[in-house]
Amino acid sequence: DDEGVVVELVVEHLAIVGGKGSKVPTVRVKRISIRAQITLQATFSFSDRVWTAERFKASIKRWAAPGVLSKTAARAVLTLVLPTLRDLVRKALPPELGQFALALRGPCVVAGEFDARSAPSAAVAA
């Protein structure tokens, strides 16, 4: 299945604290390699020189990580980073693209790519 984007990353000093009944275990790992295939579905609108996210949804298609990080925990992490990812994509959309789309007489579909980087581990609160 070629749907989605493959993300490979190494996470250092990961701590996930699961709540009672959440099915997310408490995990603390010094270093872990993760590989995931993720799809994003997004709808943005443009008005008054500002892009707005109408819909922004992500799902994990495939997941590969050592046994300490389950797919359920991965979904919880994805839910936590989704607002940051949505804002990065929204900020990457140039206003000129919105003005161009508004000038068209019919609907249009735009495809592209973006680069998202996380904050250094020292800047992330525990």
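FYI, the numbering just counts along the sequence from 1.
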Exercise. Leu97 and Leu102: same hydrophobic cluster, using ILVMFWY side-chain contacts below 4.5 Å?
Worked result: yes
Seminar exercise, completed: dist His13:NE2 -> Lys30:NZ (nearest 0.5 Å) comes out at 8.0 Å
Seminar exercise, completed: NZ (Lys57) and OG1 (Thr43) are apart, to the nearest 0.5 Å, by 11.5 Å
For this session: First locate atom NZ of Lys91, then atom CZ of Arg86, and finally report the distance between them rounded to the nearest 0.5 Å.
Result: 10.5 Å
Problem set entry | All pairs passing ring-ring contact (aromatic ring centres under 6.0 Å, His included) where residues 30-49 contributes a residue, at least two apart | Phe46-Trp51
Exercise. So which of Leu78, Leu85, Thr79 actually passes side-chain contact (heavy atoms from CB on, under 4.5 Å) with Val81?
Worked result: Leu78
Problem set entry | pair Arg90-Asp87: side-chain heavy atoms closer than 4.5 Å | yes
Exercise. Just wondering, do Lys61 and Ser59 contact through their side chains at under 4.5 Å, heavy atoms?
Worked result: yes
Exercise. Under 4.5 Å between side-chain heavy atoms, hopping through other hydrophobics if needed: is there a path connecting Phe56 to Val50?
Worked result: no
Exercise. Does CZ belonging to Arg31 count more than 12 external heavy atoms closer than 6.0 Å?
Worked result: no
For this session: Tell me, please, which residues at least two apart from Thr52 pass side chain to side chain donor-acceptor pair (under 3.5 Å).
Result: none
